[in-house]
Amino acid sequence: MAIVRDGTARLAALGVACVLGASAALAATSGPPVRIGSTLALTGPLASTALVHQIVGEIYVEQLNKKNGLLGRPVEWIVKDDQSKPELARTLYEQLITVDKVDLLMGPYATGAILSAMGVAQRYNKVLVHHTFGIPSLAKYDAQFPTWSLGPDPAATFPNTLFDALAAQPKPPKTIAIVTSKFPSVHFMSLGAREVAKKRGLQEVLFLEWEFGNRDFGPIAARLKDAKPDFVWVGAIGLEGNQLLDAAKKIDYAPTYHFYMYPAPGPMVQAPEAKNALAATIFEEHPPFTNNPGAAEFVQAFHERAAKAGLPYTGVETQAAASYSAWQVLEAAVNATKSLDDKVLAEWLRKNRVDTIQGKLRFDGPSNYGDDLMRVKQVQNGRWVTVWPKEAAAPGAALAGP
Amino acid sequence: MFVGALYGLLGLGLTLSWGILRQINLAYFALTFLAAYLCYQLSTARGIDPLATLLLIAPGFFVIGVALQWVFARFRVSPFNSLLVTFGLTVIVESVIQSIWTADFRRLESAYGVAKFRLGVLYVPAPELITLALSIALSLALYAALRYTDLGKAMRAAAEDGPMASAFGVNRRFIALALSGVCATLSAVAGVCLALSYTLAPAQIYAWIGVVFAAVLLGGIGRPLGPLIAGIVIGVSEALTMALTAPSWAPLVSFSLLILLLLVRPDKA
């Protein structure tokens, strides 16, 4: 393994690890290392999720070096801490290109930082493969390649997938409440859901927005209880879903059907009040996803590494899968073209599909987005299982009603 | 009202430190979270009742508070510099928390979490009620101590005119150390209350600073009952805003109230 985290107190320990890892890597690889640079939100409000991407990157680089590296050369991953600040990510990507002179870039975590990195990548004509960009229409650079398979218009496509799932229920919901954070990547999805719900004839009984960082969800839960919707769409990110459920529990309110856009997967699946909660996913730890080549091995490796890192929830879902796919895409492009030239890599990626653990990805649609591979998952018996569409559902699983 | 009580509890140490010690100590927010994590750890790993963890945490935090004051006095940290120094301390404590408990979310599951009762149409959750009770009890106790005890009077005198208080035999050094210890202990209490009601993540330290500062300023610097009253006013106003209008307007409440106070009674904030 050859991974360098910049600006952390662990540098000394890592130095030893790098030497040991590099010597192991040298058994299969030779020549100067291929340097891949990225930032992650290792500190700050996004750090809890960025940690997942850090672990995935470490696993992937280690696996690469155990095989043949890239082009027979060992791989070195340089990770800098952008502190969850997009403006810092911009500076650090500039630094990665001009000072560290990395060969390739990997995207940072979350939409804001990716947008910053994209601007820098564009200025230097570098390929940017990224894993967690939430608003496809903002991705204007032609050499950026998203591996979170949202499709080009997720605000329309995903709500339809979800409402199809609900419509297939014996007693489909007729009324809807949409309550949403104003965090950009969930807010636009909620507004999309609102439009789709209207077109599909669902009666909106409540629409509320809150600022990201809201602490008191009691009044929102009370208004939901009063509105008595058949279905609650919660445009929540991170802990917001849990906070709303907590508040609802305190007033003895349990929503009938309830969906959370991007919940913190661990806290949500572990909360008793989250029974039957729905969410979006691109990968879960069960077939058919784990039948994809390399998926089962990755799941096992992630479990071990996440447990070792002290993560309370060690499951693989959207974040880890999108991250792993990003590395798969980068590796596939380099191996196929036998090149590190950004222009050559970008051209190949635009014309070819890449096998990843979430399925085949293509980059030939608007903003280089391909198919919307988002599915619907549900908390059932204390674990996440995919329930819709049927071909992606866990064996024997179906959407559970109230 | 309950969230307002937590604002008050979080602001109690800050207002006393600011008003009497002349230190704007942001590190209390970090200490609060450190206490919350320690409560989480002792409860989940050792099975200790969350409230009982205070018996272990509070003395330790008193010592931390005393040590902090000793350092501030030793290096003659000015009020403005205290803001910078304690912000640095906050960042350090955040990093320590992250290195021990990771950046991932931690949730304290306890019997308190599910306990609640009804008062007519009102639901009263136990953790929030405990927070309210502790906040009221500590604010009143500190108010009484500052107003009616010799030590409290000495503290007020030292804050009003240090050299004159010294001339009357007040041991300012001892008073400052003791008060700093008490303020840090208040952070420990706030931390346990926070752990009972909220999911923890290191970066959330900063989410509380703005609104608690507003509560401290609204309540009047150095007044023990101030943050509690102002906190409840802010909390109730936020809840009413969310219940009657758009929840996204709620964050405007605390600072609108503060601006209003500054406009109407500039001498009070």
Side-chain angles (χ1 to χ4, degrees), chain A residues 8-10 41-52 54 83-84 179-182 187 207-223 225-226 238-240 242-243 246-247 249-253 264-268 270-273 306 309-314, chain B residues 1-4 6-7 40 44 91 94-107 109 113-116 118 121-128 194 197-208 210-211 234-236 238-252:
Chain A
T8 71
R10 301 176 193 161
L42 300 177
T43 55
L46 303 177
S48 56
T49 315
L51 191 56
V52 170
Q54 186 185 7
Q83 300 171 24
S84 308
V179 293
T180 182
S181 169
K182 289 176 93 174
H187 190 243
F207 177 79
L208 293 176
E209 297 164 309
W210 66 81
E211 288 297 336
F212 180 62
N214 180 44
R215 284 174 296 271
D216 187 4
F217 283 82
I220 298 170
R223 288 176 77 172
K225 190 180 181 183
D226 289 345
L239 269 186
E240 290 174 333
N242 280 78
Q243 289 171 311
D246 264 353
K249 186 175 72 176
K250 284 172 184 167
I251 55 168
D252 286 341
Y253 171 57
M268 178 67 77
Q270 286 155 0
E273 58 274 17
L311 263 65
Y313 179 71
T314 60
Chain B
M1 186 166 167
F2 293 124
V3 78
L6 187 55
Y7 296 158
Y40 161 83
T44 49
V91 174
E94 184 200 356
S95 300
V96 169
I97 290 172
Q98 186 166 322
S99 67
I100 297 172
W101 288 282
T102 78
D104 213 345
F105 303 113
R106 304 279 168 166
R107 172 83 182 166
E109 299 294 347
V114 289
K116 63 171 183 278
R118 282 187 75 164
V121 293
L122 295 177
Y123 289 83
V124 184
E128 279 80 352
L194 197 76
S197 301
Y198 289 84
T199 302
L200 305 172
Q204 284 175 356
I205 290 172
Y206 306 100
W208 296 87
V211 69
I234 291 173
V236 170
E238 282 180 345
L240 283 174
T241 308
M242 284 203 269
L244 302 174
T245 65
S248 55
W249 290 0
L252 301 176

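Note on naming: letters A, B, ... go to the chains in the order of the sequence lines (proteins, then strands), and numbering restarts at 1 for each one.
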How far apart are the closest heavy atoms of [X] and [Y], and which atoms are they?
X: A:Pro219; Y: B:Met242; value: CB-CB, 3.5 Å
X: B:Thr102; Y: A:Gly310; value: CG2-O, 3.7 Å
X: A:Ala264; Y: B:Phe105; value: CB-CE1, 3.5 Å
X: A:Ser48; Y: B:Ala103; value: CB-O, 2.9 Å
X: B:Pro247; Y: A:Leu208; value: CD-CD2, 3.6 Å

**Message:** Treating B:Gln98 as the side-chain partner and A:Leu42 as the backbone partner, does any N or O pair qualify as donor plus acceptor under 3.5 Å?
**Reply:**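 Yes: the side chain of B:Gln98 pairs with the backbone of A:Leu42.
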
**Item:** A:Arg215 side chain vs B:Trp208 backbone, donor-acceptor pair below 3.5 Å
**Value:**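 Side chain of A:Arg215 to backbone of B:Trp208: no pair is present.
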
Non-hydrogen atoms of chain A under 4.5 Å away: do they reach the side chain of [X], the backbone, both or neither?
X: B:Phe2; value: neither
X: B:Gln204; value: side chain
X: B:Pro251; value: side chain
X: B:Ala201; value: neither
X: B:Ile100; value: neither
X: B:Thr245; value: backbone
X: B:Ala243; value: both

Is it the backbone or the side chain of [X] that comes under 4.5 Å from a heavy atom of chain B, or both, or neither?
X: A:Pro267; answer: side chain
X: A:Ala309; answer: backbone
X: A:Ile251; answer: both
X: A:Asp216; answer: both
X: A:Asp246; answer: side chain

**Interatomic distance, B:Glu128 atom CD to A:Lys250 atom NZ [nearest 0.5 angstrom]** =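 The NZ atom of A:Lys250 is 3.5 Å from CD of B:Glu128, to the nearest 0.5 Å.
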
**Prompt:** At what distance, to the nearest 0.5 angstrom, does OG1 of B:Thr199 lie from CD of A:Glu240?
**Reply:**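 Output value for this atom pair is 12.5 Å.
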
